[in-house]
2 protein chains.
Amino acid sequence: MSQTPRQSAERSVPTSADVARLAGVSRATVSYVLNNTSSVRISEPTRRRVREAAEELGYVPHAAARSLRAGHTRMVLLPASASSVGPLYLQFFNELQWALRRLDYTVVQYGSLGLDGDEAARAWAELRPVAVVSLGEVGLTPQGVDILKRSGAKAVITLAPRRVAGAHSLVMDQSEVGGCAVAHLVQRGRRSIGVVMPSEPGLEHFAEPRFEGARRAAAGTGARIVPLALAYDEKSANDLAAGWAGLGLDAVYAYNDEYAMLLMRALQDAGIDIPGRTAVVGADDLLLGRLLRPRLSTVHIDMVTGQLLAELVDRTVRDPNGEPETRDLMGARAVHRESS
Amino acid sequence: MSQTPRQSAERSVPTSADVARLAGVSRATVSYVLNNTSSVRISEPTRRRVREAAEELGYVPHAAARSLRAGHTRMVLLPASASSVGPLYLQFFNELQWALRRLDYTVVQYGSLGLDGDEAARAWAELRPVAVVSLGEVGLTPQGVDILKRSGAKAVITLAPRRVAGAHSLVMDQSEVGGCAVAHLVQRGRRSIGVVMPSEPGLEHFAEPRFEGARRAAAGTGARIVPLALAYDEKSANDLAAGWAGLGLDAVYAYNDEYAMLLMRALQDAGIDIPGRTAVVGADDLLLGRLLRPRLSTVHIDMVTGQLLAELVDRTVRDPNGEPETRDLMGARAVHRESS
DNA sequence: TTGAAAGCGATACCAC
DNA sequence: GTGGTATCGCTTTCAA
């Protein structure tokens, strides 16, 4: 190989041994000083010499070495939610990161796009995270949970629509969203209700439970539910709107506000009066929905706060043998505006 | 402390030594088999025994130990972009992750919310990433870059509005966006142009260059530029609209499509004709902007593809001593619809 | 074809 | 107060 890096300056990465040498002390002393170890008293001059040496060399401790020695990490791994991030999730994510860092965890998002459930779990396990908080982007299986636990994860928490065996499942029951929307429409006298299913991949985990919730809410009310495929582009919306009359619907729950805005515009352009002829309801309570005319009715989702979840993570890490709680952490309520 | 974990089963994490023991071979053999080391021939029966043992124990290699031994990682660290992620960034991010994983890198987003530049750089450096790709969420200083390089990062790449000394700076010149918008407005005969500055923290890195670009585009045309603070809520928009007449503006460039939609609605509600009395231009070319009436004019941004950036990362990792290229990777063009 | 052993960097126990 | 040193899990050279 011609890759011998001899010419490059390639000043190698300083280690604690380098710091020790420069400060004229042992590596142990360096460790004590830099970690403020309280069980040992180091004289002030020594401390200063060590600190200065570390500063001068630009010493940064090696996380891998440290965690190897320690036998555990403080890493909380969040599978990176690629698709399906609305502003709601984003805010939640930020809160969670904040709160976890305050609890002295290192928060790392791991890009798992295109890995299947168990591949992903293995990849995560290699990093030996102390906790994994999955938001349901990757289908975490019971085997996946087992892999993670066997590799030392103290807490495996899913915020998925469905429960996952073995994990502390915090179910965010998406079906409530669909349920609220349809209950609202039924209550307002609608009986023939379309439910938009986004064609975009990755949204099924959310769309299907929402649809199920819609179906359940309609059961026994005499209302019928019709699934409607819709892609997030104007053509798809116009096609759907063009055949609207033939569907015989008097209302539609459009998965979320963005799809609802798209569909509502197409319906308006097709001459369908809203809410007169067809009522439209979205979900997520986006600001933009309020700007439409008529104003978009929606389902407001109360998300668990990041703070709360961070505390659960911490509690579970400290007592991993507590009973996995399966709690529902999402509240949903319909917000009536003008489109329904 | 009463935390002695003696009662818990606490089956400890399997290591390669455990696999070796179970398979009746040495740790070296285990390593050879599991890594498909080609420089050494292992008999097929042995291979199978090792594989089965690993499977049975649920063995997952310890990334920290491996990289400690190897002296380097394949980790590409992306500071997690907390605020300011539009759908545009999201797609780019996903592309980048995909492409990097295809090149056999481990992509990790590190939540750096609330850390200042050098703190953040030190935190990242602890993980010894082989590359850092910053999208400008954190103010990466030349010192920060130095810390990273000293800790072994082969590539430090910024996609920031501004150049950062020492890094391979891929400038995404946000000022072009503002420039395009204002040039478009001037060309259509507007001479008194408001430029929205979002009040939300974290957006300054984008908003300021965009504003600068706007100012430059107006210079010498006789048009005047007026900064307008606007928060992303209805009240702020209504307040701004209420005083609109007093501002004497015939056009506004609203930072991006979302702010533009918000402001446009408030202006319409205040009885301002658009585009007759005031033209409105956004940026990002969101689908939703096309749904408004009048349809929202915007600035379309051509983002560098994730694939391209991934290749640059890989090239830089392989040849860290190449000249840091400072390339502009963003194209912007105005899209005229109906609001201007 | 397989095994023994050194060593990556940091920590914490035990001597001095 | 401070210094030697064993150790964490893994890879890889050298010997057998």
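Reminder, nothing fancy here: chain letters follow the sequence lines and each chain counts from 1.
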Looking only at non-hydrogen atoms, find the nearest pair between B/F92 and B/L159 and report the distance. CZ-CD2, 3.8 Å
Rounding to 0.5 Å, atoms NZ (A/K154) and NE2 (A/H72) come to a distance of 9.0 Å
For a 4.0 angstrom threshold against heavy atoms of chain A, report the outermost contacting nucleotides of DNA chain D in 5' to 3' order. D/dG1 to D/dG9
State the OG1-CD1 distance between B/T29 and B/I42, to the nearest 0.5 angstrom. 5.0 Å
To the nearest 0.5 Å, how far apart are CZ in B/R122 and CG in B/L115? 10.5 Å
Salt bridge (charged side-chain N to carboxylate O under 4.0 Å, His left out) with B/R21: which residues, sequence neighbours excluded? B/D18
Specify the residues of residues 26-34 of chain B, ordered by number, for which at least one heavy atom lies under 4.0 angstrom from an atom of DNA chain C. B/S26, B/A28, B/T29, B/Y32
I'd like to know if the side chain of B/T37 and the backbone of B/V40 have a donor-acceptor N/O pair within less than 3.5 Å. no
Minimum heavy-atom separation for B/T73 and B/S67, please, with both atom names. CG2-CB, 3.7 Å
Between B/V156 and B/L140, is any pair of side-chain heavy atoms under 4.5 Å apart? yes
Please list residues of residues 40-50 of chain B whose heavy atoms come under 4.0 Å from any atom in DNA chain C, ordered by number; otherwise none. B/V40, B/R41, B/I42, B/S43, B/T46
Classify A/R66 by what it touches in the nucleic acid, base, sugar-phosphate, or nothing, heavy-atom distance under 4.0 Å. sugar-phosphate
Nearest heavy-atom contact between B/R51 and B/V33 is NH2-O, 3.8 Å
Neighbour count >12 (heavy atoms, 6.0 Å) for atom CD, B/E44: yes
Double-helix bend of the helix from C/dT1-D/dA16 to C/dC16-D/dG1, axes at both ends from 5 pairs, round to 10°, gives 50°
Minimal heavy-atom distance between A/A131 and A/V313, with the atoms involved, is CB-CG1, 3.9 Å
5' to 3' on DNA chain C, which nucleotides open and close the contacts with chain A (atom under 4.0 Å from a heavy atom)? C/dG9 to C/dC13
One pair to check against side-chain contact (heavy atoms from CB on, under 4.5 Å): A/L312 and A/I157. What are the steps and the verdict? CA-CA 9 Å; A/L312 174 68; A/I157 294 178; 3.9 Å; yes
How long is the gap from CG on B/L57 to CG on B/L22, to the nearest 0.5 Å? 5.0 Å
Under a 3.5 Å threshold, yes or no: a donor from one side chain and an acceptor from the other, between A/W124 and A/S112? yes
Do you know which two heavy atoms are closest between A/T316 and A/A155, and how far apart they sit? CG2-CB, 3.5 Å
